Asks: 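First the structure, which I've put down as structure tokens, then a few questions once you've had a look.
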Amino acid sequence: MRITEDFSTILLAAGKGTRMKSPLPKVLHPVAGWPMISRVIDALNEVGARQIRVVVGHGEELVRQVVEPLGASAYKQDQQLGTGHAVQCAEPQSLQGTVLIMNGDHPLIEANDLRFMIKEFVNSQRKLSVVTAKVKKPGSFGRIVRHHGELKAIVEAKDASHETLKINEINTGMYLVEAKFLNKLLPLLKNNNSQKEFYLTDIVSLAAEEGESVGTILSPSRVAFGVNSQVELAKATKYIFKRKAKQLMEQGVMIMDPDNTYIEDDVKIGAGTVVYPGNCLRAGTKIGKMCIIEPNSYLYKAQVSDAVHIKSQCYFEEVKIETKAVIGPFARLRPGTIIGQEAKVGNFVEMKKVNFGAGAKASHLAYLGDAVIGDETNIGCGTITVNYAFDKKKYVTKVGKNVFVGSDTQLIAPIEIGDNSFIAAGSTITKSIPAGSMAVARGRQVTKENYKPKAPQNNEVKEEVKKPNVEIEG
Ligand code: UD1
Ligand code: CA
């Protein structure tokens, strides 16, 4: 839900992310399937940020490609001279009203957190507030230094005294500030600190010097959670997957082991469905009610109706599965495949762009590509639609209703098999078959009774057996 308060955002994302030790710009590392910065932007869009300005530097082009389609605009920081300098690069002179400044590497932020802090700030009628959190291990966070309860300064861990380091109230890196006041303070920043950087945090002491009382908004420690390393990235991912599993369980989904189930944010699952461990349910997947999803399947943009049984170890991409179908184990369904109601797809069956009829069966070892398979048709073990021709084009196979395709049949496309027909096992079918026919296309069997193999002739060359020429040193 959008909030009524009007605000703009400056999102800092120009840093290199050295500690990630990865060629990917830090803010693009995926947290449970989505680049961390898009999680932040999604939350901002949800509450209705008027403008989102992202400060980019390292990996500029890649970051732009992710943030611009989400409605944010990118501002370049050529040299990373510190967080204060980064804010200046976002051209804050052209902003008005409330400005929210935050980091692009805090992926656990939720729309509700933003709603809370913006409301608090607007109600406080202050010119500047810092979002703080109390944490057990304040580590490298900037420390909130108070005097008689009033915020006086933020001291970076690298510049802090032994005593200051003990403070466990920290700066989350989020600030709410009146645009005019921000523009008054920014030119006053200096880089006389241990890192020779223009610290944004210094706007707090500058404001205090101006006689302006600076507010703090205490938020949950989750808000402070920033990703600086692969270990923190994995922690954030785990958090998001567990949050999703919990939401689904609250809606009546049975998740056997939420610690080992990987369901992305936009996945929908109906009540009464059981999800076994090891499943990776990716973006765009929708699963109906009363389904069983056995362990270790990968589903991407799969639309699964009610009461479907997916046995262990399946791989589905962009497929649709109708009610009561039974699939797997070890089935691979590729884009454009639709599995009809109560159909059965067994182990080691691969399908691509197949419309597989209601009640149809392919129980074992088959490849079906670019095909339409009629209702109640049985596809025997080892059947192959030969869809890819010498001219590098794909051709369609149409099999009617209630057809029996014997085991080890090759259907050379383009081809049509009429309803109620029967193909004998081991056939290579090259011509279409009318409805109600029987077709067999294989070499005739030759049987020689009482057969004795011929003895070898004298003039046959015997293969010389060579001794291996290997000497073993003692
Ligand atoms: C910063 C705060 C610290 C706070 C912490 C919360 C400062 C000086 N310190 O420290 O008080 O506790 O965040 O996570 O602000 N960035 C740029 N350009 C730069 C430098 C940084 O865009 O020149 C971006 C980074 O990409 C990152 C964010 O600013 O998204 C924070 O920078 P980082 O170097 O991670 O600051 P911290 O040391 O974490
Ligand atoms: Ca950081």
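Read the numbers this way: they start at 1 and go in the same order the structure lists the ligands and their atoms. Quick caveat, the model's predicted, so the values are computed rather than measured.
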Asks: Check whether any side-chain heavy atom of I327 lies under 4.5 Å from a side-chain heavy atom of F316, and answer yes or no.
Replies: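 Yes, their side chains come closer than 4.5 Å.
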
Asks: When you look for heavy atoms under 4.0 Å from ligand 1, do you find them on the side chain of H106, its backbone, both, or neither?
Replies: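 For H106, the contact with ligand 1 is made by the side chain alone.
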
Asks: Thinking salt bridges, do E110 and R222 make one under a 4.0 Å N-O criterion?
Replies: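 Looking at R222 together with E110, the answer is yes, because their closest N to O distance falls below 4.0 Å.
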
Asks: Between the candidates G82, G104, A86, G226, which shows the shortest non-hydrogen contact distance to atom 20 (C) of ligand 1?
Replies: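 Considering heavy atoms of G82, G104, A86, G226, the nearest to atom 20 (C) of ligand 1 sits in G82.
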
Asks: Just distances here: any N/O of L200 and N/O of ligand 1 closer than 3.5 Å?
Replies: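 Among all N and O atoms of L200, none is under 3.5 Å from an N or O of ligand 1.
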
Asks: Would you mind finding which of I101, N171, V40 brings a heavy atom closest to atom 12 (O) of ligand 1?
Replies: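 Answer by nearest heavy atom: N171.
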
Asks: For atom 30 (O) of ligand 1, which of the options N228, L12, V87 provides the nearest non-hydrogen atom?
Replies: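 Among N228, L12, V87, the closest heavy atom to atom 30 (O) of ligand 1 belongs to L12.
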
Asks: Counting only heavy atoms closer than 4.0 Å, does ligand 1 sit against the backbone of A224, its side chain, both, or neither?
Replies: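 A224 to ligand 1: no contact under 4.0 Å from either part.
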
Asks: Could you work out, with ring-ring contact (aromatic ring centres under 6.0 Å, His included) as the rule, every residue matching F181, not counting sequence neighbours?
Replies: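 Expected list: none.
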
Asks: Without swapping roles, check the side chain of T273 against the backbone of C291 for a donor-acceptor pair under 3.5 Å.
Replies: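 Yes; judged by distance alone, with no hydrogens or angles, the pair exists.
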
Asks: Could you go through the side chain to side chain contact (heavy atoms under 4.5 Å, CB included) check for L114 and M174 one step at a time?
Replies: CA-CA 10 Å; L114 299 173; M174 299 183 76; 3.9 Å; yes

Asks: Counting only heavy atoms, tell me which of T83, L11, D202 gets closest to atom 7 (C) of ligand 1.
Replies: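 Going through T83, L11, D202 one by one, T83 has the nearest heavy atom to atom 7 (C) of ligand 1.
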
Asks: Between D105 and K26, is there a salt bridge with N-O shorter than 4.0 Å?
Replies: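 Salt bridge between K26 and D105, a charged N being under 4.0 Å from a carboxylate O: yes.
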
Asks: Using distance alone, determine whether Q79 and ligand 1 share an N or O pair under 3.5 Å.
Replies: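 For ligand 1, there is no N or O atom that lies under 3.5 Å from one belonging to Q79.
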
Asks: Check this for me: does any side-chain nitrogen of one of R282 and E264 sit under 4.0 Å from a carboxylate oxygen of the other?
Replies: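 A salt bridge is present here (some side-chain N lies under 4.0 Å from a carboxylate O).
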
Asks: Determine whether the side chain, the backbone, both or neither of L81 has a heavy atom under 4.0 Å from any heavy atom of ligand 1.
Replies: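 For L81, the contact with ligand 1 is made by the backbone alone.
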
Asks: Checking the N or O distance criterion of under 3.5 Å, is ligand 1 in contact with I154?
Replies: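 No; every N/O pair is 3.5 Å or more apart.
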
Asks: Does an N or O from G15, backbone or side chain, lie closer than 3.5 Å to an N or O of ligand 1?
Replies: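 N/O-N/O distance under 3.5 Å: yes.
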
